[in-house]
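Protein chains get the first letters and strands the later ones, always in sequence-line order, with residue 1 at the start of each.
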Amino acid sequence: MSNNRTHPLANVDWLSVLIYVILVIFGWMNIYSAAVVEGHPNPCDISQEYGKQFLYMVISFFLCLMVLYMEGGFFNKFAPFLYGLFTLLLVLVLIIGKEVHGNKAWIQIGGFALQPAEFAKIGIGLLLAKYIANTKAKFNNWETRLWAGVIIGIPAALILLQPDVGSLLTFVAFIFVLYREGLSGNVLIIGLGGIVFGVTSVIAGHGRLNYPIFGEQSGVYLLMFIVFLIAIVLLVFSLNFVVPRSRKKVLWVLAISTVAVLMFSFSVSFLVDKVLKPHQKSRIYVTLGLEEKESEVETEGNEESAAEAAIVEKDDDPGYNARMAKIAVGNGGFLGQGFMQGPMTKNKYVPERWTDFIFSVVAEEWGFVGSVLLVGLYVFFIVKLINMAERQRSQFSRVYGYCVASIFFMHFLINVGMVIGLAPIIGIPLPFLSYGGSSLIGFSLLLFIFIRLDAERLSIFK
Amino acid sequence: MNPTNNHINQPIAEPHVEPKEQHAGGNANTSAPMLARTWMMFSLICLIAIAIIIKIFYLQIWPSDRAKNLGLNYTYKANDITPIRGQIFSSDGSLLATSVPEYEIRWDAKADYDVEEYRAKIDSVCQGLARIFGDRNALDYKALFKAARADGNRYQLIKAKVDYNQLQRVKQLPFVRKGAYKSGFVYIEGSRREKPFEMLAARTIGKDQADNKFGLELAFDSLLAGKKGKQLQEKIPGGYWRPMTDDFIEEPQPGADVIASIDIHLQDVANAALQRQLEKYSAAWGCAVVMEVKTGYIRAIANLGRDPETGAYLERYNYAVQESQEPGSTMKLASLMACLDEDMVALDDSIDTGNGRWKIYDMTLTDSNDEDGGNGVLTMEQVFERSSNIGTAKVIKSCFEKKPQQFLDKLHSFGLGSKLDLQLHGEASPLIYRSVKDQGWSGLSLTQMSIGYETKMTPLQILAFYNAVANNGRYMKPLFVEKIKRNGRTIEEFEPVVLRENFCKKETLAACRKMMEGVTEDDGTAEGAFKDCAYKVAGKTGTAKIHENGQYDYNRHRASFVGYFPAHDPQYSCIVVIHDPKGGNYYGGTIAAPVFSELAVKIYSTQMEYHTADFLPDTTSHAQVHIPISKDGAYEQLKQVLRGLQLPEQMAATSAWVNTKSQGTYVEISDRAIRPELVPNVVGMGLQDALYLLETQGMKVRVQGKGTVVRQSVAPGSAIKNNPLILIELK
């Protein structure tokens, strides 16, 4: 029956395609507004960002059309090959990559730069889907968890070597996929607990305390001491109130989790304090509201150092981007300043406003109404993708669809959250809206492969 | 798997519970726990979307959060930039009100200065301050610094209201010279509103202090103030903000300039004449208003009141606009006009005014010459010219006794009962009965009103009425502002406004003007006052008893004269009111008319259009040469240009660098002192000369704007080696 192919464009989910086109064109408009240069008013002027974006749009549309005309089975069959290819690119970027802002994330090809991390997600999505569909893995044993971890972990490790923490963070998306496919909710809860406790550790580690005997040390030791005390209290409690039959098990759990928590707390604090680069460190502090207070205190206290602080280059100030973006968003008001009228945008106050901070342009020029419409459209799009994933008969298509939706969701959440101050400044693009060839082409392919698979859902009978 | 099982597209509707075991089939994982997980994901996404929307709402809409986000608690913030307030000009281009920079000098006792140096030099700093300001001695200044150090005051006020030149001198004092960070001295720039002509029309030009706003400054406040802008600024030590770039987030819109209708020369004449008369008679207050007949533009408005403490006459209150009082005899024009316009009387009708005393009900009307036996039989015209109360009252009584409402309606039809809707705030309402049923109306009211009592009007309202007579029945609205300009471009023009067209018959007008001309002739009440006048003046005197605390004071009067000139071709109308003159003389014809006369004479001699007949254009005269404005600068080049253009110059210069001044018919050139090693004064020069001068003196120049240098950042005469960088601003 599967040989009885209908027209390749039959059953294509045109609503998704329409939303995609709207997002891309709206993004292009905002890139134009953010980057327009006097003397280059043509939006297709190839020497400017908006002109390049137009070119990327044309390339993307062409590639997407190509994908729609391909057989969905190709992606299933060649998933390992694509995964290998993109992973190879990640290796290659470490060797011949161009270093920008301390990150080796770009391969320079002529006038254009390729960012392999944007394509790696496609490879992971396809291979993960193939693995799950073939093994019917439900992640209730360590073996399947391990294999899924390896599939995600290899590109993740390579990206960490660049190091591009932002892109890495979006890989959290795959945990949602695993959860959908059966990974225990406990894993998610442990993850969530880890985030909460990690944040507490970072906050504690940011302060320095004067301990008796040990002198001035990181505040995280106090936190660890408190955890230890709680463990003792729980130990006493369980020795007295837990029935002897299950006492041994409880004690084991208590012991292991105490050690795990202590180690986790220490290593998070150590990682932030010693391993992260200063600008990454400050970004985390700024997001947690630690750094700003500090500089405010300085201004009141010591004028000399405050003077120095004021003179430091804007690029070095971790809070600068965040503040500028927030001022731009606030400047939008209810109806916005109007297309090409946003003063924060026009006067180039917001750095990277056409790439990672494109949402600040939307918010300033289109206001609350525009922002909410965009957020609404985006969320509708993601929900629609999940709904589409759920209607797949093939597990491969469904898992892949979940990967697509989750990746968009993570990007959307972190990117918009960063602009409005809910998330730390993590340099990742807003799919379809941000300027960038690799990201636009990468996300387009990611989406259209799923749309192709979805179009074939009715002709798949296993 | 069953291919017809299509309802897997609706996962919610899937009721069956799958067995735990693995099983074949595409819908293997759409089991109940899996559905729950899908819903968990949906909920998570929705929660996050809601969180994002709430956060955006707070950032963009919620007022307090939005303001905080745009402003507080940041090292960078978008600060409000208050634009320069617009200026007020007179119609002839003189500056009536402008903002000049003014500084506050403050001191941070906890700044990072060298305490030893402070101790060593504070005495000479204080002596310097005492010398520059001369208001306190050095010890007083030192006490300020000591107190600040004792209290740890970081914002001690040393001196407020410091002008730019004083500030430059202070900055040169020892210790202070070290700069803000190393001395703790900080300077707060503000601005002060200044009226270059000080008291002239001060009440009308107004003030814009936060708690005291009035006049044009208040009426045109929003235009003068401009629109606040926003600029991104960064915090620097001491809690001050400085701009990060020259760009604005929101461009401040500079205040617009108001071009008032006032003519500074007429204003000067009116003010001086009024003041002289007020002083001569120790009057309580007075006002003089000159209005252009055809347009209604107020060319001069002087309001002087005696300061009860010093006795000096100052612009204390806008009497002309805000003081509504009984007009007295100036009202007779309106009364007789009502009769004439209804064809009830003619100018040559005769009225018996008797012996100067006429009892009506329980009241006796008198004429001014009742002690000499009165006027006997008068014509209507004579009644007006001699301002006979009895004659006027009798005429009105005979015409309107049966139908007093008609009289009231007539007065209102002349526009007398209505406010003028002025460009200034605070116009007092006129009081004229609308109906005989109004409270207060009595049998006496008709005759009392006819001679200007039981009625209240402001001087300006009376003037507007007389102006309408002068203007052939076109009742013009008095205007104080001609236009609004922004950056030299007119953005709004206030064209003359006709409030009433043909407010009476042509014949009535002619009769009225004839009567008014008679006032300044022999036997008129103002016969003596206009002897010096080159042309005929038409008008009416007024002498009203002052009504205070519910009763008339028979010994105190308000004298007035209102009219227009020249009588044959009215150009200006004018009113002079003098309240409570002392010394026994109180008639409008002797107290107020002389001020009017002086105004008329001076206006005649300064206004060219009146003697166009005497003025023969002389093509060879220099007066025909338009002298262009020349910039200051190098003399040799300037000389060439002027000679090339064959412009006359008047040379008083011997050096290479000169000042120029375009006089009426020639360019005046004078020396400009340029000394080596001192910063030269380049204000007034073009960029080329300024750059040449400064750079040859070894300075580094930064330039802003174009045109002529209007400001330089380093004061002329200071030593160059201290500050080789100079910013010049051109305009």
* Within-4.5 Å side-chain heavy-atom neighbours: A:Lys326 and A:Ile420 -> no
Enumerate, atom names and distances included, each donor-acceptor pair closer than 3.5 Å involving a side-chain atom of residues 42-53 of chain B, sequence neighbours excluded.
| unit_1 | atom_1 | unit_2 | atom_2 | d |
| --- | --- | --- | --- | --- |
| B:Ser43 | OG | B:Trp39 | O | 2.6 |

* Structure fact -> So, the part of A:Val416 with a heavy atom under 4.5 Å from chain B: the answer is side chain
* Asked: Can the ring centres of A:Phe359 and A:Trp366 be said to be less than 6.0 Å apart?
  -> no
* Structure fact -> Honestly, the part of A:Phe368 sitting under 4.5 Å from a heavy atom of chain B is both
* Answer with yes or no after comparing the ring centroid distance for A:Phe174 and A:Tyr131 against a 6.0 Å cut-off, counting only values under it. => no
* Asked: What part of A:Phe380 is in contact with chain B, defined as an atom under 4.5 angstrom from a non-hydrogen atom: side chain, backbone, both or neither?
  -> neither
* **By side chain to side chain donor-acceptor pair (under 3.5 Å) - contacts of B:Lys55 (at least two apart)** => none
* Examine whether an atom of A:Ile382 lies under 4.5 Å from a heavy atom of chain B, and if so say whether it belongs to the side chain, the backbone or both; otherwise answer neither. => side chain
* Asked: For A:Tyr402, is it the side chain, the backbone, both, or neither that has a heavy atom closer than 4.5 Å to a heavy atom of chain B?
  -> side chain
